[in-house]
Amino acid sequence: MSFQSLPKVELHLHLEGAAPPAFIRGLAQEKSVDLSGVFNEDGTYAFRDFVHFLSVYEAATQVLTGPEAFARLTHAVLEESAAQGVIYTEAFLSPDFCGGGDVAAWREYLHAIQEAAEATERDSGIVMRGIVTCIRHFGPDQAKRVALCAAETAGDWVTGFGIAGDEMKGKPGDFAYSFDMAREAGLRLTAHAGEWGGPASVRDAIRDLRVERIGHGVRAIEDPVLVEDLAERGIVLEVCPGSNVALGVYPRFDKHPIARLRDAGVKVTVSTDDPPFFHTTMTREYEELARAFGWEDEDFRALNLTALDAAFCDADTRDRLKPKLEPT
Ligand code: ADE
Ligand code: ZN
């Protein structure tokens, strides 16, 4: 069965990572930027492994210069998400790629992104909120600039702060200052961990950054005590199974730990991460999970209710969206 029309809530989507390859190629042509090495012959993004993925990702962002490019990107990404049945999406926004961490420049990019999101909501009904994200391999000092961008623009629309990038560089504690600044500005917190790092990376992120959600977190499965702890504390995992399979964290969907985590009482949700890079969509994620674990509409509805409860939006927005997840 196709799950395309099932209403979905997505909590983990990198805005630049959701850029369709044709969109990036179009901008490269307009701006005369050489993107050799970024694409395969068939036009898809080309990468060998996670670290190479990060560098190809950063190369592709070179064409996203100026607020207008980000407005167009936001529109394209949200239209595609809405076509996959997504009714609410939280996107990671990176001031590093939007003015390099300068607050005044970031405000201009953010204004363009938010305006495009609001226009798309009027057309397609999809609701977006932003999570400002620092990038771990750019280091703790740059993360402080990004946290300042987040704190200065925190509100009803920028509602969260997070960290992405190369999980094997540095430690979560190196970024505690940035997370403290974001928390004090009223932002809610999430961190990528337990994708490449083992269970200790998840524990460290919870202890040192005091996050309420973990991006991925799936390698927690290697430590039953941690699994129990996640379940008890109600920490929510933003699980991206197709991303994990595409990058080789797990060989196939049916070997992915999402079902075991869910069955152990951990709050799991499903997202796409960087869909065109990983040849996925929210619909494909659901289809693969249905095939691998026999999950049905009711299972996905429960996941979406968990995701909406864990969303970094205000209560009015949540209440407005909840009826859309009711069975028809
Ligand atoms: N940035 C974009 N996608 C990412 C991922 N899967 N892990 C870490 N950083 C990322
Ligand atoms: Zn991610």
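In listed order, ligands and their atoms are each counted from 1. This chain uses plain numbering: 1 for the first residue, then up along the sequence.
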(request) Scan R188, R129, R213 and name whichever one has a salt bridge (Lys or Arg N to Asp or Glu O under 4.0 Å) with E90. (result) R213
Shortest protein heavy-atom distance from [atom], along with the residue and atom involved:
{"atom": "atom 3 (N) of ligand 1", "value": "D274 OD2, 2.7 Å"}
{"atom": "atom 7 (N) of ligand 1", "value": "E195 OE1, 2.8 Å"}
{"atom": "atom 6 (N) of ligand 1", "value": "D273 OD2, 2.7 Å"}
{"atom": "atom 9 (N) of ligand 1", "value": "G165 N, 2.9 Å"}
{"atom": "atom 1 (N) of ligand 1", "value": "H14 CE1, 3.5 Å"}

(message) Could you check whether K8 makes a cation-pi contact with Y286, meaning its NZ or CZ is under 6.0 Å from the centre of the six-membered ring and within 45° of the ring axis?
(response) yes
(message) Regarding D273, does it place an N, O or S atom less than 2.8 Å from the Zn ion (ligand 2)?
(response) yes
(request) Please work out the angle at the Zn ion (ligand 2) defined by atom NE2 of H192 on one side and atom NE2 of H14 on the other, rounded to 10°. (result) 100°
(request) Check if F53 has a non-hydrogen atom at a distance under 4.0 Å from any atom of ligand 1. (result) yes
(message) Check for me whether F50 has a heavy atom closer than 4.0 Å to any atom of ligand 1.
(response) yes
(message) Can you confirm whether or not the ring centre of F92 sits under 6.0 Å from the ring centre of H12?
(response) yes
(message) Does only the side chain of H216 get under 4.0 Å from ligand 1, or the backbone, or both, or neither? Count heavy atoms.
(response) side chain
(message) Using a 4.0 Å heavy-atom cut-off, which part of F92 comes near ligand 1: side chain, backbone, both, or neither?
(response) neither
(message) One pair to check against side-chain contact (heavy atoms from CB on, under 4.5 Å): W157 and L110. What are the steps and the verdict?
(response) CA-CA 10 Å; W157 201 83; L110 177 62; 3.7 Å; yes
(request) Describe, in one word, how the ring planes of F179 and F161 are oriented to each other, choosing from parallel (under 30°), tilted (30 to 60°) and perpendicular (over 60°). (result) perpendicular
(request) Let me know which of W196, Y45, F278 forms a ring-ring contact (aromatic ring centres under 6.0 Å, His included) with F53. (result) F278
